[in-house]
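First comes the structure, then the notes that go with it.
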Amino acid sequence: MKRKFVTMAFLAATLSMAAAQKTLSVSVENSSKTDRKAAPVVIQLAQCGIDVKSALVMNNGTEIPSQLDDLDGDGKYDELCFLTDIGKASKQAFNVTLEDNGTPRSYEPQVYAEMLMTNKKIKSNNKQDLYISSLTVDNGTNPYWMLHHHGPAFENDMVAYRIYFDHRQTVDTYGKYRKGLEIKQTQFYPSKEQKAAGFGDDVLWVGETFGLGALRGWNGSAPQMLKDVDHRTLRIVSRGPLRTIVEVVDEGWNTMNPGKEKIDMTTRYTLYAGRRDCFVDIKFDRQVADYQFATGIINVKNSVELSDKDGLRGCWGTDWPVSEKDSAGHKRETVGLGISIPAKNIVKELPADKDNYPYVVGNATDELHYNITFCSDNENFGYHSSKEWFDYLKAWKEELNAPVKVSY
C-alpha cells in the first residue's frame, strides 16, 4: 500500500510538471471596403496567463508563420505576432496554441536586421564582421564613425532603413530594384559588382534634416536635435522572421522646451514583412502635455508635395543620395517619401522650408505614434510618378485609420 501511495504521488508530481497549454480562438475582421495585405495581428501574452515559450498558429488546418518577441529584455515573451491577407468586409478565424515549454518554431526569414562595429582590419564595406545587438553611450560620446553604416539597418524584401546613432537620430533609406533581402550581403554599401548584378543602394541624402520622420525637440521657433542626452542606447529588439524591431532610448533628454525638465524617451521602429511602411511608437517616462516636438520629412530637391492638412504629408523628388564630395559612383535618385501622423497630435503644420516639410507635434499622454514610408523609382514592383505615389499615400492613410480588428 505504501509503494502504491508513493507511485501515485510521483505521478501527480510528474503531471504537475507537465507542459501547460492554452488555446486561443482569434478572430480577425476587416470591415473596410478594400483588401488588406500583410495586416499585422498582435497578441499580448500577459493576458494569456502562462509563461509562453512556444506557439503554433493555424488557419483552416494550415500552419501560419508567427513570431514571439521579448520586448523588454526580461527573458519572457511579451507579444505573439503573425500576418494575414484578408479581403474587404470579411472575417478570418485562427487557432493559436500557446505552451510554456519548448522553443519558438522556426520559419523562413522574411526580414533582417543588423548593427556592427567597424572593423578597421577589414577594408571592404560589405564584409564587416563585428556584429552587436545594442550599444549605450554617455553624453558627449558620438559613436557615429565607430559603427558600420552609422547605426542599425533593417529590411524586408521591399525596403530597407537605417537609423543614425548620433544627435540627429535620422531615419535614412535604401532602395531596391527587385524584391529580396540583401542588406546582409551589401551591408548598405554595395560593391560595383553587386550594383551591376542589380542590388540596391542608399537613395536619400538626409544631412541634418528630418530625413524620414525623425523626432526632434521644439523650442518654440525651430526644431532641436538630441544633442543633450545623458545616455543614448540603440538596440535590436527583434530580428524576425516576420518583423524587425529597433529601439532607441534617450535617457535624460533636454528637449530645449523652455523651462521644461529633461525626459526619457524610448522609440521603437517596427518593420513587418510585406509592408513598405514602418511603425514609429514612442514612449515617454511621463505625460508630455506641456512639451512640444517636431518631425516631418526632408524636402527632397525639386520635389512636389502632397498634404491633406490633416496629418498626411508626402513628396516626390530627385537628388543626389550622398554629399557632393562623395557623389562619384552614384547617380541622382528619385524617391517618394511619406509620413502619417494622427490629427490629434498635430499642433501645427509648418510650410515647407529649404530642408523639410515640418510639423510641430505633441500629446497629452506619455505616448506618441505615427508611421513613415518610402519608395524608390528604381523598383520594378513599386511606383514611378508623383501621382502613383500620392494615390498610394492616400490609400495608406485610410488603411492606418481603419486597422483590422483582432479579438481573442
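Predicted model, so just to flag it, every value in this text is computed and none were measured. Just the heavy atoms: all of them, side chains too, but no hydrogens, waters or symmetry mates, feed the values below.
Aromatic ring centroids of Y189 and H148 lie under 6.0 Å apart. If you look at F94 and F82, their ring centroids are closer than 6.0 Å. A distance below 6.0 Å separates the ring centres of H150 and W145.
Environment of CD in E29: crowded, with over 12 heavy atoms of neighbouring residues, nucleotides or ligands closer than 6.0 Å.
Using a distance-only test at 3.5 Å, with no hydrogens or angles considered, a donor-acceptor pair links the side chain of D35 to the main chain of K88.
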Evaluate the side chain to side chain contact (heavy atoms under 4.5 Å, CB included) criterion for residues D319 and N302: first the C-alpha distance (whole Å), next the side-chain angles of each, then the deciding distance (0.1 Å), finally the verdict.
CA-CA 8 Å; D319 194 11; N302 307 308; over 6 Å; no
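No donor-acceptor contact under 3.5 angstrom links the side chains of E398 and T34, judged on distance only. No donor-acceptor contact under 3.5 angstrom links the side chains of N125 and Q187, judged on distance only.
Salt bridge annotation for K76-D78: absent, with no cationic side-chain nitrogen under 4.0 angstrom from a carboxylate oxygen.
Considering R239, H149, R162 as possible partners of E114, the one that fulfils the side chain to side chain donor-acceptor pair (under 3.5 Å) test is H149.
The shortest side-chain heavy-atom distance between C375 and R276 falls under the 4.5 Å cut-off.
Between Y144 and Y164, the two ring planes are perpendicular [angle over 60°; tilted spans 30° to 60°].
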